[in-house]
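Encoded as structure tokens, the structure appears first; notes follow it.
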Amino acid sequence: MENVGEQVVCLIAYHLLFAMFVWSYWKTIFTLPMNPSKEFHLSYAEKELLEREPRGEAHQEVLRRAAKDLPIYTRTMSGAIRYCDRCQLIKPDRCHHCSVCDKCILKMDHHCPWVNNCVGFSNYKFFLLFLAYSLLYCLFIAATDLQYFIKFWTNGLPDTQAKFHIMFLFFAAAMFSVSLSSLFGYHCWLVSKNKSTLEAFRSPVFRHGTDKNGFSLGFSKNMRQVFGDEKKYWLLPVFSSLGDGCSFPTCLVNQDPEQPSTPAGMNSTLKTPENHQFPAKPLRESQSHLLTDSQSWTENTANPGKGKAGMSNPALTMENET
Ligand SMILES: [Zn+2]
Ligand SMILES: [Zn+2]
């Protein structure tokens, strides 16, 4: 590269992409997954009662009573309350028990060996940005290396060992670009449909039955669920997702009589007998908008393309429910 201006632009672009890539990778690895809040844990008396009751209707009755003031709308395949035996808690919607972490993880997406962490509500935005910046980083390297890569094959490079570095660098960058773009494309599709990887493998079951787009609020709102309302934070790995991870607005708000349709209704429904408001952290105003705005609650259920090539089955880390 002869031109000084070109060198400066490339240096700045390279270090900017590298810094963003490392920052989002760091945040994905070191952000602890969030676990269900104490409202979802059974009391000592309830645990005792459960131990005494054999599996079956009586067991379910204890759980139903414990769950009646909790904002949960999903069920197991057989219509039972979702309960984790390991953590002894009622699973919030979209929460799953990770067999690797041995904990219930809020809005669990999958357990990722590349970051040695569970990807879920607390770090899903960071994971997406990590995929995006690592893809841009690899594409930048492949693009700037391309002209020297061509020279390598046309004998235009000086005959030193460095010429082999150029070849290997291009192959590595190109190969990572291909695999990252398919994974990133798949997660973009998931975000647009407001699904987690686990929900794409197995659709969530609601009181009225299975609904693969049950959490989808329309493209724009689905994006804001993960990235938040403030555009200035969208490209930065700082937490800006909406909600508390325990309860989620669904597209069934106008169909399910038990689901609150206004923030006021929500508060009255979610009050526990002790006059305690759930969730402990109040819903952000932005999320209240999601609940009051009746537009675009329904969306076309176009059959999405499958983009799971090369992925291990994340459902294997999720404990089975019956
Ligand atoms: Zn659990
Ligand atoms: Zn995990």
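Note: hydrogens, waters and symmetry copies are ignored here, and every other heavy atom, side chains too, is used. By convention here, the first residue in the shown sequence is residue 1. Start at 1 and go down the list; that is how both ligands and their atoms are numbered.
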Cut-off 3.5 Å, side chains only: do D109 and T197 have a donor facing an acceptor? yes

Would you mind reporting whether F40 and C246 have side-chain heavy atoms less than 4.5 Å apart? yes

What angle sits at the Zn ion (ligand 1) between ND1 of H97 and SG of C104, to 10°? 120°

Test of geometry: compute the angle SG(C87)-the Zn ion (ligand 1)-SG(C84) and round it to 10°.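 Answer comes to 110°, rounded to 10°.
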
With 2.8 Å as the threshold, which protein atoms of type N, O or S lie near the Zn ion (ligand 2)? Leave waters out. C98 SG, C101 SG, H111 ND1, C118 SG

Expected list for residues 112-120: side-chain donor-acceptor pairs under 3.5 angstrom, two or more places apart:
unit_1 : atom_1 : unit_2 : atom_2 : d
N117   : ND2    : T28    : O      : 2.9
N117   : ND2    : I29    : O      : 3.0
N117   : ND2    : T31    : O      : 2.9

Using the ring of each side chain (for Trp, its six-membered ring), is F206 parallel, tilted or perpendicular to F215, with breaks at 30° and 60°?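 Aromatic pair F206/F215 classed tilted.
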
For Y14 and F140, take the angle between the two ring planes, folded into 0 to 90°, and tell me which bin it lands in: parallel under 30, tilted 30 to 60, perpendicular over 60.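 Judged by the thresholds at 30° and 60°, the geometry between Y14 and F140 is tilted.
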
Check whether more than 12 heavy atoms from other residues, nucleotides or ligands sit under 6.0 Å from atom NZ of K163, and answer yes or no. yes

Are F121 and F239 close enough that their ring centers fall under 6.0 Å? yes

